[in-house]
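Quick notes on the structure that follows.
Letters A, B, ... are given to chains in the order of the sequence lines, protein chains preceding strands, and every chain is numbered from 1.
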Protein chains: 2
Amino acid sequence: MSDPAPPLEGFAAHDHRRCRTETLAVAERLSTERGLKLTPIRRRVLEILLEGHRALGAYDILHRLAQDGLGSQPPVAYRALNFLRDLGVVHRIEKLNAFVVCTHPRDAHVPAFLICRKCSSVAEASAPSQGGLLGAAAQAGFAIETSVLEAEGLCPDCQG
Amino acid sequence: MSDPAPPLEGFAAHDHRRCRTETLAVAERLSTERGLKLTPIRRRVLEILLEGHRALGAYDILHRLAQDGLGSQPPVAYRALNFLRDLGVVHRIEKLNAFVVCTHPRDAHVPAFLICRKCSSVAEASAPSQGGLLGAAAQAGFAIETSVLEAEGLCPDCQG
DNA sequence: CGCACTCACGTTATTGTATAACAATTGTGC
DNA sequence: GCACAATTGTTATACAATAACGTGAGTGCG
């Protein structure tokens, strides 16, 4: 499924240790706010995704969980992933059937992803205006609930 | 997979008979231009998709093909679908693992889809500028090759 | 003609992705 | 203690996609 790819941490350099702790803190807070818990399994899944800004398949994550003795059946991984998605700290990349951490939870945003087809690293950019789609939707009488933009190509590191 | 949904023909009213014959003609022409053939199976798959502007799963299509005695194994459907995708007359909806006819083949375009989560009907709008994503991509040094925008919500008919 | 070659299809088997459904457990409030 | 929601465990299954191999039809050409 996923390459033995390099531990690339997103395209732009950033303080990843801080990125990590902050995301975990946000997840913790959002869980509590909703009267729910960031259990060991859920926390671990988030940590795994936080290791790099790369898309991981549910089964990749599941294998990691199994190594840690935290569960080995598909529903375990999917439940945790869906929980984190509801929280808004994880997004699903439709093109890859895979999942990534959100680089800016909290903000309401229309996620836009730059997906490297070689190393599966993913950069997330808020899509400003959805490129006029809202207008087209309104005109058609369509009520948009969620939307995503996914762009595939080559990241800086993979263009050589 | 797909609902026993109404034969909704896209959100905006349009001359669907013409839409149908034109798309078939375009597919025929594009095939010939490339020295390939719009065979009975391929044609049938396109016709099935043309019955409505709705997303159909590969296996839905496969079942239809089987009813017509045109093949019953997954590769049959996927090969035809990929052929039509290469031609540019069919798009894949990542969110649904499903396929739809392109409403405006010929034009080079960044497809943007309005997907009804209830009846699976799909309207396609060219995304004008990709909402500034190009700028963000350039800044990050990312080379975009393809991109899609998928919005989910409720179509006019399903809002009652 | 005989041969090489590509296109298209048939078929078997396998891999990957995701969820349904039900049981068991834990914690909390009353 | 009891009701209730949240969480996890487990089994089985459905859905999506592709690998790999074989077959036959059509075309171009020496």
Side-chain angles (χ1 to χ4, degrees), chain A residues 1-3 27-28 30-46 49 55-66 68-87 90-100 117 120 150, chain B residues 1-3 27-28 30-46 48-49 55-87 90-100 117 120 150:
Chain A
M1 170 78 277
S2 59
D3 291 353
E28 199 86 58
L30 288 175
S31 297
T32 314
E33 274 173 18
R34 304 187 186 192
L36 304 175
K37 281 164 190 164
L38 190 65
T39 62
I41 292 182
R42 293 168 176 171
R43 186 181 187 81
R44 189 76 194 102
V45 168
L46 185 52
L49 285 172
L56 292 178
Y59 282 71
D60 292 330
I61 292 170
L62 182 57
H63 292 146
R64 297 287 309 273
L65 285 178
D68 300 353
L70 287 175
S72 58
Q73 301 306 319
V76 174
Y78 283 102
R79 285 196 279 239
L81 285 167
N82 287 333
F83 175 85
L84 296 169
R85 285 215 282 161
D86 287 346
L87 240 46
V90 163
H91 292 300
R92 183 185 149 80
I93 307 288
E94 308 288 348
K95 274 201 192 196
L96 303 176
N97 292 335
F99 304 83
V100 281
R117 67 170 155 78
S120 291
E150 297 187 359
Chain B
M1 171 81 270
S2 60
D3 292 352
E28 197 87 59
L30 288 174
S31 298
T32 314
E33 273 173 18
R34 304 187 185 192
L36 303 175
K37 280 164 191 164
L38 190 65
T39 62
I41 292 182
R42 293 169 175 171
R43 185 181 187 82
R44 189 77 194 99
V45 168
L46 185 52
I48 290 168
L49 286 171
L56 292 178
Y59 283 68
D60 292 330
I61 292 170
L62 183 58
H63 292 146
R64 297 287 308 275
L65 284 179
Q67 287 173 6
D68 299 354
L70 286 174
S72 57
Q73 301 307 318
V76 174
Y78 284 103
R79 285 199 279 240
L81 285 167
N82 287 332
F83 175 85
L84 296 169
R85 284 216 282 163
D86 288 345
L87 238 48
V90 163
H91 292 301
R92 184 185 146 80
I93 306 288
E94 308 288 346
K95 274 203 192 197
L96 303 176
N97 291 336
F99 304 84
V100 280
R117 66 170 157 76
S120 292
E150 297 186 358

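The CZ-P distance, from B:Arg34 to C:dC7, rounds to 13 Å in whole Å. What separates NE2 of B:His63 from P of D:dA14 is a distance of 12 Å, to the nearest Å. Across the protein-nucleic acid pair, A:Lys95 atom NZ and C:dT17 atom C1' stand 19 Å apart, rounded to whole Å. Separating the CD1 atom of B:Ile41 from the P atom of C:dA8 is a distance of 11 Å, rounded to the nearest angstrom. Put simply, CG on B:Asp86 is 12 Å from P on C:dC7, counting in whole angstrom units. Atom CG in B:Leu81 sits roughly 12 Å away from atom P in C:dC9 (whole-Å rounding). Rounded to a whole Å, the CG atom of B:Asp60 is 11 Å from the P atom of D:dA17. When rounded to the nearest whole Å, the span between CD of A:Glu94 and C1' of D:dA16 equals 14 Å.
Within the 4.5 Å cutoff, the side chain of A:Val45 has no heavy atoms near those of the A:Arg64 side chain. Contact check for A:Tyr78 versus A:Phe83: no side-chain heavy atoms found under the 4.5 Å cut-off.
Scored by the side chain to side chain contact (heavy atoms under 4.5 Å, CB included) test, A:Ser72 finds A:Ala66 as partners (sequence neighbours excluded). For the side chain to side chain contact (heavy atoms under 4.5 Å, CB included) test, residues two or more places apart in sequence or in another chain that qualify with B:Arg85 are B:Asn82, B:Val90, B:Arg92, B:Phe99.
Looking at A:Arg42, its side chain does come within 3.5 Å of a backbone N or O of A:Lys37 through a donor-acceptor pair. Looking only at distances, a side-chain donor or acceptor of A:Glu150 sits under 3.5 Å from a matching main-chain atom of A:Lys95.
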field: Per-nucleotide protein contact string for nucleotides 18-30 of chain C (B base, S sugar-phosphate only, - none; heavy atom under 4.0 Å)
entry: BBBB---------
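The side chain of A:Thr39 places an N or O atom within less than 4.0 Å of a non-bridging phosphate oxygen (OP1 or OP2) of D:dT8.
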